[in-house]
Amino acid sequence: MNTFCVPVRLAVSALAAVGWAPSILAQSRVVVPQFAQGAEQPSTTWLPGIGFDGRLQLVIDPAQLASVAGRNLLGLEFRRDTGNPRDFTSATADVVVRIGIASTPSFGVSANFAANAPAPALHYQGPLSAPASSVAGYAGWADPHVIRITFTRPFAYAGGPLAIEVEGSAPTHSWWPVDAAVLATGGGFSRVGTSCSPLVTPTGGSTMTVRDPALQVGATAIFGQDTAPGAVALLLFGLDTLANPISLAAIGAPACSLYVDPLAATAPVMSLEDARFGGLHEYHLAIPADPAFAAATFVVQGLELGASAVLATSEALACQIASTVPSLGVAAVWAIGNGTPHVSHELVPVIGILHD
Amino acid sequence: MTGSRVQDPAGITVPSSVREGGNLRIDVASSARELSLVIPGHGRYWARVTNGVAEFRVPPGVSGGTMIFISDRVMPFPSSAVVQVVSSP
């Protein structure tokens, strides 16, 4: 008699009694996006609780999960980013994982967690450990190069778009970037004119920026503007630039020009001050999830009021939305801290979903 | 360069120091596309992020002892870091 089998059988019996034996003994992984299964992806991102306090919602298309329809989902995995050459130190955080059927496929999500997943259920709440991971030992999904969350109860996935939410926090954050997939085609922008902000240096000329890969239909375009400390910022939006920029000298801003033909103005969703860097202002523009907006163009320009200049302007950004509809099969909604959520189609973590 | 520093939030990590005129490599794990660098007495600079890395050459005339302030400007909690320029031997 093989004495080793006895405790194993006892353990299996005990696990079967609580309904977990099949889950643990025959666990497989489906990777989202599917093409990332065995291939390092070109970008990197980080998880709530490990890199920042906040919330991440992933909405996954049914096509990505066809192989697990009718199965129990048992946990999540995120693998380290191989492109980052540093050794990662171990880290811990407190996380909550909620899962539910999404109200929309990935193309159609909004920057509203509840609207995307009306009734997510709790499947894990507790500590999350990121292992120490050295570059030399890296090998795909193998330990210790994976952050793993094992659900306290499985999710019976019957089909349809799936929403997974991870919310996390930690007293301090750690350097543990995870592998992330990106869209091959992004939008683009060009700068028109120059900034007249007091912040501009001879080597600069720019105080406005946009994450151009995020210029996607259905995504949140995020613009950042730097101003002098204490300034109020405003973003002008239009469909085109002016054929001849209008000098603002007559209103007390001799070095400034209006480049955009404005249709509307919007206030920042977030602003903060930093004595070293001045004022930071972030604007969100929700690009409708409508293919008709693919390759559409628009122009923005920032205004800066008060502080050391009565009025100043940024350069204008002439933006073009990507010409194709997002195709990763998964969208991410991010909320960093208590910040305004935004939708990302262009950058999503590579997700390993454990199932029976 | 010596050692590395991880800031909180851990959006960027930088070496503790860089030599005069040297190349500064900044690892970026946040969604930033550009980093803002402020060098007191010299002005503001930008460093483009490519595949999670930004590189910046310390401009001529920036002498040892100068501090370089770096921010990824990711709201609402920008990651920032400080690198000290050290004199070349």
Side-chain angles (χ1 to χ4, degrees), chain A residues 42-46 50-54 81 83-86 89 91 170-178 180 182 199-204 206-207 209-214 222 224-226 268-272 274-278 280-282 334-340 342 344 346-347, chain B residues 1 3-15 25-62 66-83:
Chain A
S43 195
T44 181
T45 187
W46 73 122
I50 300 297
F52 67 102
D53 288 356
D81 177 50
N84 196 294
R86 295 180 184 278
T89 54
T172 59
H173 301 102
S174 303
W175 185 256
W176 222 102
V178 298
V182 293
L199 284 174
V200 169
T201 66
T203 56
S206 167
T207 50
T209 186
V210 62
R211 298 180 206 166
D212 44 324
I222 299 176
Q225 184 183 0
D226 290 83
V269 294
M270 292 180 274
S271 294
L272 62 81
D274 186 306
R276 299 163 300 179
F277 301 101
L280 304 178
H281 310 271
E282 185 167 296
W334 300 87
I336 301 174
N338 59 359
T340 304
H342 68 271
S344 168
E346 77 285 358
L347 175 70
Chain B
M1 298 183 190
S4 65
R5 289 178 178 171
V6 174
Q7 305 298 314
D8 192 16
I12 57 178
T13 187
V14 296
R25 177 195 163 109
I26 309 160
D27 288 340
V28 184
S30 69
S31 56
R33 303 290 297 170
E34 288 178 313
L35 300 181
S36 173
L37 299 97
V38 174
I39 306 177
H42 293 267
R44 172 178 298 255
Y45 299 83
W46 306 96
R48 184 82 174 168
V49 179
T50 303
N51 292 330
V53 174
E55 290 190 317
F56 178 74
R57 179 178 288 276
V58 178
V62 177
T66 302
M67 309 301 281
I68 300 177
F69 300 100
I70 306 166
S71 172
D72 68 358
R73 304 183 309 150
V74 173
M75 300 282 262
F77 304 124
S79 298
S80 59
V82 181
V83 179

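Naming convention: chains lettered A, B, ... in sequence-line order (proteins, then strands); numbering from 1 in each chain.
Most heavy-atom pairs under 4.5 Å with chain B: of the set A:Pro213, A:Pro177, A:Ser43, this distinction falls to A:Pro213. Among A:Leu272, A:Thr44, A:Val182, the residue with the largest count of heavy-atom pairs under 4.5 Å with chain B is A:Leu272. With respect to chain B, the highest number of heavy-atom pairs below 4.5 Å among A:Asp212, A:Asp53, A:Val269, A:Asp274 belongs to A:Asp212.
Partners of B:Asp27 according to the salt bridge (charged side-chain N to carboxylate O under 4.0 Å, His left out) rule, which considers only residues two or more places apart in sequence or in another chain, are A:Arg86, B:Arg25. Not a single ring-ring contact (aromatic ring centres under 6.0 Å, His included) links A:Phe277 to another residue, sequence neighbours left out.
Looking at B:Ile39, neither its backbone nor its side chain comes within 4.5 Å of chain A, counting heavy atoms on both sides. In this structure, no portion of B:Val53 lies under 4.5 Å from any heavy atom of chain A.
Residues B:Pro78 and A:Leu280 form a side-chain contact, since some pair of their non-hydrogen atoms from C-beta on lies under 4.5 Å apart.
Separating the CZ atom in B:Arg73 from the OG1 atom in A:Thr209 is a distance of 5.5 Å, to the nearest 0.5 Å.
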